Amino acid sequence: PTRRSSDLHDVSLTASIEILKAMASGEGPVHAMLALGYAGWSAGQLESEIQANGGLHCPPDLNLLFDPDLEGKYARALAKIGIDLAKLAPEAGHA
């Protein structure tokens, strides 16, 4: 079902094992996403990326967040901020 962006106050992030147990017993949230992985930065790397405007973000969207179509999610997020993935160059230029 289509979700309203006003439902965003209902989104939570946790690392608690209790939520997994609740989900296993059918008592957890209606929509959930399990993310596993690791991201690390060297000293000063994250600050440098932020200063260089090295990341993009789009307005929050529950339909995008919980959509099971993972392959198209990145392109749809870029489209929300007016960027066509096909027109991005893989290398940075200097003018």
Side-chain angles (χ1 to χ4, degrees):
T2 301
R3 298 162 196 90
R4 300 180 322 267
S5 61
S6 61
D7 296 334
L8 289 172
H9 68 278
D10 293 331
V11 175
S12 299
L13 179 67
T14 184
S16 167
I17 191 72
E18 284 77 23
I19 192 67
L20 292 176
K21 291 176 182 177
M23 291 168 64
S25 67
E27 299 175 13
V30 175
H31 303 285
M33 177 188 311
L34 178 63
L36 301 173
Y38 170 80
W41 290 269
S42 61
Q45 180 182 351
L46 182 58
E47 292 83 356
S48 176
E49 290 178 11
I50 291 170
Q51 287 177 344
N53 200 24
L56 298 173
H57 64 277
C58 71
D61 181 333
L62 290 178
N63 293 309
L64 184 60
L65 180 63
F66 292 111
D67 189 338
D69 175 20
L70 300 179
E71 295 297 320
K73 193 174 281 199
Y74 182 61
R76 290 192 322 276
L78 288 175
K80 287 184 68 68
I81 57 174
I83 296 175
D84 181 351
L85 183 58
K87 295 181 180 177
L88 285 181
E91 299 172 5
H94 301 281

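For the numbers below, each heavy atom of this structure counts, side chains included, while hydrogens, waters and symmetry mates do not. Predicted model only: the values in this text are computed from it and were never measured.
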Exercise. L34 and V11: same hydrophobic cluster, using ILVMFWY side-chain contacts below 4.5 Å?
Worked result: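 Not linked; separate clusters.
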Exercise. When clusters are formed by joining ILVMFWY residues with side-chain heavy atoms under 4.5 Å apart, either directly or through shared neighbours, do F66 and V30 land in the same one?
Worked result: no
For this session: Could you list all the side chain to side chain donor-acceptor pair (under 3.5 Å) pairs where at least one residue sits in residues 34-45, not counting sequence neighbours?
Result: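 Side chain to side chain donor-acceptor pair (under 3.5 Å) check on residues 34-45 returns S42-Q45, Q45-E49.
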Problem set entry | side-chain contact (heavy atoms from CB on, under 4.5 Å) evaluation trace for L56 with L78 | CA-CA 8 Å; L56 298 173; L78 288 175; 3.6 Å; yes
For this session: Decide side-chain contact (heavy atoms from CB on, under 4.5 Å) for H31 and L62; before the verdict, give the C-alpha distance in whole Å, the side-chain angles of both, and the deciding distance to 0.1 Å.
Result: CA-CA 10 Å; H31 303 285; L62 290 178; over 6 Å; no
Problem set entry | Shortest non-hydrogen contact from A77 toward C58 |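 Closest pair (atom of A77, atom of C58, distance): O-CB, 3.7 Å.
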To the closest 0.5 Å, what do you measure between [atom1] ([X]) and [atom2] ([Y])?
| X | Y | atom1 | atom2 | answer |
| --- | --- | --- | --- | --- |
| T14 | L20 | OG1 | CG | 8.5 Å |
| D69 | L64 | CG | CG | 9.5 Å |
| L70 | D67 | CG | CG | 8.0 Å |

Exercise. Is any side-chain heavy atom of P29 less than 4.5 Å from a side-chain heavy atom of I19?
Worked result: yes
Seminar exercise, completed: Taken in chain and number order and not counting sequence neighbours, the residues that satisfy side-chain hydrogen bond (donor to acceptor under 3.5 Å, both in side chains) with S16 are E18
For this session: Sequence neighbours left out, what passes side-chain hydrogen bond (donor to acceptor under 3.5 Å, both in side chains) with K80? Give chain and number order.
Result: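 Testing K80 for side-chain hydrogen bond (donor to acceptor under 3.5 Å, both in side chains), a comparison that skips the adjacent residues, returns D61.
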